[in-house]
Structure formats: structure tokens, C-alpha cells
Amino acid sequence: VQLQASGGGLVQPGGSLRLSCAASGSTANYYAIGWFRQAPGKRREGVSCISTTDGSAYHASSVNGRFTISRDNAKNTVYLQMNSLKSEDTAVYYCAADSFQSVVGGCGFLEKEYDSWGQGTQVTVSS
């Protein structure tokens, strides 16, 4: 299982970016895909996740209303649309997959719930 995260870059506050997480196989092989981020000097935190079984999506309170996670099964890709970006969104963003249904009926924000990880993409929000 390989995940490839892309789409990061430099954006001004209030701007938007769309991150992509391309899976080497069908996303249906996983129970959930999650996005995490790690800012300098901070622990990695869960941002958004989507269940591949029923499509239910969840967002951390810090990004709720600004970020949207979605999937394109035909392209084996999960997206993270990030709007109204703030300087505190600056971080390396990682996507991860849960192959073992760590969370029944949904998805979670704990690193231990995911067994495959992409390499990360840098998002910098700065004027």
C-alpha cells in the first residue's frame, strides 16, 4: 500500500489549497483515509477523515467549516479542500489509510488507527 500526498505550497492568509492523496490501489481496500498535520515543534494531529464504507466525513473543530474532505473512487484519490487558510494551518500534511477498520462505523483522528502513511506535503500560509 502506497499513498502519495501532493498539492501543498505557499498561500496567503484567506487563500485556498487542495491537497490530494493518491492510493496505489482502490480506496475501497481501506476502511478510512485520514489527513493529519504536524506544525514545527508540535505533535501530529488529525485534521479530517472519511470513511470509505459509507462516505461519512469528520473534521477537527479547528478546521470545521473551512476544510472539506472528499473522495474520487474512480481515481483512487482523496482530497482535502482547504479554504480560508490561516497562519496556524501551516504544517506538513500527511494522508494515512486504515486497512483494519480501527473505527467501526466511521473514522478517527488517532495516529494508531492508521497503518499506512504518505510522505507529507508542506503547506505554508504566510503573507
Side-chain angles (χ1 to χ4, degrees):
V1 174
Q2 290 186 337
L3 300 173
Q4 181 76 33
S6 63
L10 173 64
V11 63
Q12 292 185 343
S16 298
L17 280 175
R18 188 179 76 161
L19 305 184
S20 299
C21 177
S24 59
S26 171
T27 52
N29 293 334
Y30 319 117
Y31 289 94
I33 301 289
W35 282 100
F36 290 75
R37 67 185 181 186
Q38 186 167 22
K42 295 187 177 181
R43 299 183 64 179
R44 189 155 54 183
E45 62 174 353
V47 175
S48 302
C49 67
I50 186 166
S51 168
T52 58
T53 56
D54 63 7
S56 56
Y58 304 88
H59 301 280
S61 57
S62 58
V63 305
N64 198 29
R66 300 188 297 121
F67 290 11
T68 302
I69 189 171
S70 62
R71 59 179 177 167
D72 185 332
N73 292 336
K75 295 182 178 179
N76 298 327
T77 300
V78 170
Y79 302 101
L80 184 66
Q81 178 66 43
M82 306 186 297
N83 299 328
S84 302
L85 283 162
K86 306 175 181 180
S87 58
E88 50 262 45
D89 295 318
T90 295
V92 177
Y93 284 71
Y94 301 87
C95 61
D98 171 14
S99 304
F100 301 105
Q101 198 174 21
S102 299
V103 177
V104 177
C107 54
F109 292 147
L110 299 179
E111 292 183 65
K112 65 180 181 180
E113 294 166 341
Y114 297 85
D115 51 277
S116 298
W117 291 82
Q119 85 290 0
T121 184
Q122 176 70 48
V123 172
T124 303
V125 184
S126 175
S127 55

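Positions are given from 1, in the same order as the sequence printed here.
Taking CZ of Arg37 as the start and CD of Glu88 as the end, the distance is 8.0 Å to the nearest 0.5 Å. Summarising the geometry, atom CG belonging to Leu17 is positioned 9.0 Å from atom CG belonging to Leu10; distances are rounded to the nearest 0.5 Å. Rounding to the nearest 0.5 Å gives a distance of 4.5 Å between SG of Cys95 and CG of Leu3. Atoms CD and OG, on Glu45 and Ser62 in that order, are 5.5 Å from each other to the nearest 0.5 Å. In this structure, Ser126 OG and Leu85 CG are separated by 12.0 Å, a value rounded to the nearest 0.5 Å.
Evaluation of the salt bridge (Lys or Arg N to Asp or Glu O under 4.0 Å) rule for Arg66 yields Asp89 as partners, not counting sequence neighbours. By the side chain to side chain contact (heavy atoms under 4.5 Å, CB included) test, Asn73 pairs with Thr27, Arg71, sequence neighbours left out. For Arg44, the salt bridge (Lys or Arg N to Asp or Glu O under 4.0 Å) partners are Glu111, not counting sequence neighbours.
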Determine, stepwise, if the pair Val11 / Thr124 fulfils side-chain contact (heavy atoms from CB on, under 4.5 Å). CA-CA 6 Å; Val11 63; Thr124 303; over 6 Å; no
Checking Val47 against His59 for the side-chain contact (heavy atoms from CB on, under 4.5 Å) test, could you report, in this order, the C-alpha distance in whole Å, the side-chain angles of both residues, the deciding distance, and whether it holds? CA-CA 6 Å; Val47 175; His59 301 280; 5.9 Å; no
Stepwise side-chain contact (heavy atoms from CB on, under 4.5 Å) test for Ser99 and Tyr31: CA-CA 6 Å; Ser99 304; Tyr31 289 94; 5.7 Å; no
Kindly determine whether Asp54 and Ser51 satisfy side-chain hydrogen bond (donor to acceptor under 3.5 Å, both in side chains), including the steps that lead there. CA-CA 6 Å; Asp54 63 7; Ser51 168; 3.1 Å; yes
Trace of the side-chain contact (heavy atoms from CB on, under 4.5 Å) decision for Leu80 with Met82: CA-CA 6 Å; Leu80 184 66; Met82 306 186 297; 3.9 Å; yes
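Side-chain atoms of Thr77 and Asp72 form no donor-acceptor pair, as typed in the model, at a separation below 3.5 Å.
Closest approach of Val63 and Ser48 over heavy atoms only: CG2-OG, 4.2 Å. Contact between Gly106 and Ser56 at its shortest, heavy atoms only, is CA-OG, 4.2 Å. Closest of all the heavy-atom pairs between Ala97 and Ile33 is CB-CD1, 3.7 Å. Counting all heavy atoms, side chain and backbone alike, Gly25 lies closest to Tyr30 at N-OH, 4.2 Å. Between Ser16 and Asn83, the shortest heavy-atom distance links the atoms OG-OD1, 2.9 Å. Pairing each heavy atom of Pro13 with each of Ser127, the nearest pair is CD-N, 3.7 Å.
The closest side-chain heavy-atom distance from Thr90 to Val123 is not below 4.5 Å. Ser102 places none of its side-chain heavy atoms less than 4.5 Å from the side chain of Lys112. With contacts defined as side-chain heavy-atom distances shorter than 4.5 Å, the pair Tyr79/Cys21 does not qualify. Side chains of Thr121 and Leu19 form a contact here, defined as non-hydrogen atoms less than 4.5 Å apart. Looking at Ser6 and Arg18, their side chains never come closer than 4.5 Å, going by heavy atoms from C-beta outward. Contact annotation: the side chain of Val78 approaches that of Ile69 to within less than 4.5 Å [non-hydrogen atoms, C-beta and beyond]. Put simply, the side chain of Cys49 reaches to within 4.5 Å of the side chain of Tyr114, judged on heavy atoms. Under the 4.5 Å side-chain criterion, counting only non-hydrogen atoms from C-beta, Tyr58 is not in contact with Asn64.
Between Trp117 and Tyr94, the ring-plane angle classifies as perpendicular under the 30° and 60° cut-offs. Ring planes of Tyr93 and Phe67: tilted class, angle from 30 to 60°.
One hydrophobic cluster, built from ILVMFWY side chains closer than 4.5 Å, cannot hold both Trp35 and Val92; they sit in different ones.
Gln119 places a side-chain N or O within 3.5 Å of a backbone atom of Ala5 that can act as its donor or acceptor partner.
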